[in-house]
J.: 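Here it is, the structure in full.
Computed from heavy atoms alone, side chains included, the values below leave out hydrogens, waters and symmetry copies. From a predicted model like this one, the values you see are computed outputs, not experimental measurements. Positions are given from 1 along the sequence.
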Amino acid sequence: MNGLDMTEQSWKDEQNRVNHVVEVIDKRIKGLEREVGSVRTDVVEMRRDFWDDVTINFSEADDVGETSTSLRQQSEVLSERERSHKHSFAALSKMKRLRQSPYFGRIDFAETGEPAEQIYLGIASLLDQDDQTFLVYDWRAPISNLYYDSTPGPASYKTPVGEIAGEMLLKRQFVIRDSQIKLMFDTGVTIGDELLQEVLGRSSDAQMKSIVATIQREQNRIIRNERSRMLIVQGAAGSGKTSAALQRVAYLLYKYREHLQADQVILFSPNPMFNSYVSTVLPELGEENMQQTTFQEYLEHRIGREFQLEDPFVQMEYVLSGESGQPGYDARIEAIRYKSSSLYIQAMNGYRNMLLAEGMLFRPLRFQGKEIVGREEISKRFYAYDSSITLANRCDLLREWLLKELADFSKREVNEPWVEEQMQLLDSEDYQIAYQRMRRQNRKKNRTFTDYEDEKLILARMVVSDRLKPLRKWVKALRFVDIKGLYAQLFANKSIMLQASGGDLPASWDEICRFTLDNLEKGELAYEDATPYLYLREQLLGFRSNGNIRHVFIDEAQDYSPFQLFFLKRLFPRARMTALGDLNQAIYAHGSILQQTSTLSQLYGQEETEQITLTQSYRSTRQIVDFTRQMVEGGERIVPFNRDGELPEIRIAGEQAALNAALSADLDQLKAEGYETIAIICKTAEESRLTYETLKKDHELKLIKKTTLSFEKGIHVIPAYLAKGVEFDAVLIYDASEERYRRESERKLFYTACTRAMHLLHVYSLGEPSPFIKAVKPEDYRTVELETSRVNG
């Protein structure tokens, strides 16, 4: 019986139950299909006949009211039918998913003093035809917690009305495919290794899948955590951080379905391709997708019109391609670290406090060469306001004052010669508009005559008003506040920065200033400047916070700076935050926020912060984990799941042509062996492009760029920093030589690249391998010397 301790009768009984459940599902599907078709027909007909069923009459005031009521009633009926169709269609989709695999687990639980009850768990609840008996419980229901957290014996679970205690008599797990039980076993542990082996041994998918059948106890703590305002998940590569986070979203949407909508949850992803990779998990569980974006997309949305923004990948390319000692390189690295730090937050807050008393910069109001209000006059007015009023509120007061000044200027301007010239160019349509305005004014003043002077004045006001419209819009948008000049002032005047920062500046400050000012002059903003610039702007013009978002998920949190996370907290003041990351994959030059857990804890305070650490790695085979964990500090704490595979291979080539030929042959062999997703992982985007150009004539390849939006099966050529969060059946590291990966700052990038492999890892090296490989025990990999003659066959 699949080598499992399971009686033939048990197997037969369970299969009979599956048959009954599938029968119920099939009947439900047929009923829902009829319902969906009927409602869809109603909706189509109502849309077609909408205006036929509305009484339209605009002749009298009472009739207008009746028409409005008729429109509203018909619209409400249509909206209700559309909602009904959407609900029925969602229920039908859920039933079709449930039919594929009705459930994955069973627990027998006897509440104290009560008989035992058999509880089956699946991706959604299912009632028997009596609508009272649960055939399947939703995996997120309170009682389902027993399956994930308990073993046979005394057990309890929490419900909204209190804790229910009793005894678990049985825990059974299933793999059901096409209405047939393929795998079944009883287990005393959380989730049995047999089921994990079956799931993890498969090929990787083009999109991440739900893990509800294999959720581990630590992952369950993440999913159901409701105590913490800030939940930090530090997890090894392949430990299921992201999967657990997505199941957490599904759990929250289920538990708080009366109060929480999918659009009140937002996920910040490492890149656009990752959004595609995870986009099917929630729909697979019958939930709508939450909002998904990247931090860079948010920055582009807010300040992309003002500046050419550098993105994190361009910054990464600069860091990886440059060398210490090159002109400006060391100063740029120091700038990245400083401008991303808590120290810089303090300096920006110090600068804000200074501006309360002095130093604000404004742009003058000018019109056709005339200065309406000068910058000194605006500044004088600004500092005349009560000193207790915030910068943003003073700017609002300035706006109202400047709009009045503009209105006064407009009245004076009507007699200027340019206005007369413009009036001569007006066409008949403009005159018609002026005439209509004059009639309205005459009616208001009870005048019954018109004359040429009235018409001329109205036309003049029209001309001036239209010409001043852009300037009024400019004032309303607070563009008179010189944000760019204020940010530049920090770098143009060292005494200001010394005062703002308390005197704690980087050693390369003068060089940092030159680089920053040069960028600002060109209308460019480095990635490390974007968040501080936006923060200063918000301090001056008022924060655009989003109170609708209740849960923020940040994947690859180790790549966010303290400044960025501090900003996100301000942006979403009512939200709880879940930060997922791996310190060993912190690849950006500013260092990892996870190295400063005190900084993270300060966001919401120690009492509202909780950290969960995942050390078990499920993605890769034991051999790959044993190889990769020796490269990073604390790697001995990473526990490989016991799934065997081949030893990683280090393939050393003496020349480029030999490396390319061996790599090409490797691709042919892996495809022949059935590997569906293969990654050639390069160090940089430029190395990826050159590799792609070299190999594309013999292989069908996909070159992954920072703009790539979807992840598909096949052979990918990809820079290491874009492979984060994604996994492949086989990974070929393009050139892991000492020449390419030798700096300590590149260790985590190399580790990240290697840990993308699920089943097979081949590492190519042009000459001597990286010291990161040499640090691994020789018995944990196999070395292959590639002969030059191989190139010629």
Side-chain angles (χ1 to χ4, degrees), residues 303-308 355 358-385 391-392 394-435 437-438 441 452-493 496 517-525 533 536-537 540-542:
I303 51 178
R305 291 180 183 177
E306 296 175 51
F307 293 99
Q308 179 68 41
L355 292 174
E358 60 178 349
M360 279 291 289
L361 300 177
F362 299 99
R363 297 186 180 95
L365 259 70
R366 289 199 179 100
F367 178 73
Q368 297 186 167
K370 297 178 186 175
E371 186 165 276
I372 304 169
V373 187
R375 54 168 57 96
E376 292 80 10
E377 191 179 351
I378 298 173
S379 182
K380 186 177 178 183
R381 183 88 181 191
F382 181 86
Y383 285 111
Y385 295 127
L391 295 173
R394 285 193 232 178
C395 288
D396 283 342
L397 291 170
L398 270 185
R399 172 169 52 194
E400 299 311 310
W401 173 67
L402 287 171
L403 286 172
K404 288 176 184 172
E405 293 293 307
L406 204 50
D408 291 342
F409 173 78
S410 175
K411 291 174 185 174
R412 297 194 300 270
E413 198 71 2
V414 293
N415 297 316
E416 292 297 309
W418 71 268
V419 179
E420 181 74 35
E421 292 170 15
Q422 286 296 310
M423 285 166 61
Q424 303 302 322
L425 300 174
L426 295 176
D427 57 26
S428 59
E429 187 179 338
D430 294 316
Y431 276 97
Q432 185 65 28
I433 292 169
Y435 178 71
R437 285 187 187 175
M438 190 164 60
Q441 287 186 13
Y452 172 73
E453 288 303 318
D454 282 346
E455 182 182 295
K456 184 180 176 185
L457 181 60
I458 288 171
L459 281 171
R461 286 173 179 167
M462 270 179 61
V463 168
V464 174
S465 179
D466 287 346
R467 189 64 71 86
L468 284 173
K469 192 178 290 182
L471 190 54
R472 278 197 302 274
K473 188 177 178 183
W474 188 83
V475 172
K476 286 176 181 177
L478 300 170
R479 298 290 299 280
F480 55 87
V481 183
D482 188 2
I483 312 287
K484 183 177 172 182
L486 284 162
Y487 193 68
Q489 189 171 244
L490 279 169
F491 303 92
N493 190 328
I496 291 177
L517 290 170
D518 183 48
N519 265 357
L520 290 169
E521 185 67 28
K522 291 185 291 186
E524 298 173 0
L525 209 55
Y533 178 88
L536 175 64
R537 181 174 141 169
L540 296 168
L541 307 185

J.: Measuring from Tyr533:OH to Leu520:CG, what's the distance to the nearest 0.5 Å?
T.: 8.0 Å
J.: CG/Leu541 to CG/Leu391 distance, rounded to the nearest 0.5 angstrom?
T.: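 These two atoms lie 10.0 Å from each other.
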J.: Could you pull out the closest heavy-atom pair between Gly374 and Pro364, with the gap in Å?
T.: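 Smallest interatomic distance, heavy atoms only, reads CA-CB, 4.1 Å.
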J.: Suppose we screen for side-chain contact (heavy atoms from CB on, under 4.5 Å). Which residues come up paired with Gln368, at least two apart in sequence or across chains?
T.: Trp418, Arg467
J.: Determine the minimum heavy-atom distance between Leu486 and Leu361, stating which atoms define it.
T.: CD2-N, 3.6 Å
J.: Write out all pairs satisfying salt bridge (charged side-chain N to carboxylate O under 4.0 Å, His left out) with one or both partners inside residues 398-413, taking only residues at least two apart or from two chains.
T.: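 Pairs touching residues 398-413 that pass the test: Lys370-Glu413, Asp396-Arg399.
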J.: Please enumerate all residues that pass side-chain contact (heavy atoms from CB on, under 4.5 Å) together with Lys380, with sequence neighbours excluded.
T.: none
J.: Going by heavy atoms in the side chains, are Met360 and Leu540 under 4.5 Å from each other?
T.: yes
J.: First locate atom CZ of Phe382, then atom CZ of Phe362, and finally report the distance between them rounded to the nearest 0.5 Å.
T.: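 Nearest 0.5 Å value for the CZ-CZ distance: 5.0 Å.
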J.: Walk me through whether Leu365 and Leu402 qualify under side-chain contact (heavy atoms from CB on, under 4.5 Å).
T.: CA-CA 9 Å; Leu365 259 70; Leu402 287 171; 4.1 Å; yes
J.: How long is the gap from CD1 on Ile372 to OG on Ser410, to the nearest 0.5 Å?
T.: 9.5 Å
J.: According to salt bridge (Lys or Arg N to Asp or Glu O under 4.0 Å), who are the partners of Arg472, at least two apart in sequence or on a separate chain?
T.: none
J.: The criterion is side-chain contact (heavy atoms from CB on, under 4.5 Å); which residues satisfy it with Arg381, sequence neighbours excluded?
T.: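 Arg381: side-chain contact (heavy atoms from CB on, under 4.5 Å) contacts with Tyr385, Leu398, Trp401.
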J.: Considering only residues two or more places apart or on different chains, which pairs with a residue in residues 476-491 satisfy side chain to side chain donor-acceptor pair (under 3.5 Å)?
T.: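 Side chain to side chain donor-acceptor pair (under 3.5 Å) check on residues 476-491 returns Tyr344-Tyr487, Tyr351-Gln489, Arg363-Asp482, Tyr487-Asp529.
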J.: Holding to side-chain contact (heavy atoms from CB on, under 4.5 Å), I want the full list of residues that pass it with Asn493, two or more places apart in sequence or in another chain.
T.: Ser495, Ile496
J.: What residues, two or more places apart in sequence or in another chain, satisfy ring pair (Phe, Tyr, Trp, His ring centres under 6.0 Å) together with Phe409?
T.: Phe367
J.: Does the side chain of Phe480 reach to within under 4.5 Å of the side chain of Val373, using non-hydrogen atoms?
T.: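 They are not in contact (no side-chain heavy atoms under 4.5 Å apart), so the answer is no.
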J.: Any side-chain heavy atom of Val419 sitting closer than 4.5 Å to one from Val464?
T.: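 Answer yes - side chains close enough.
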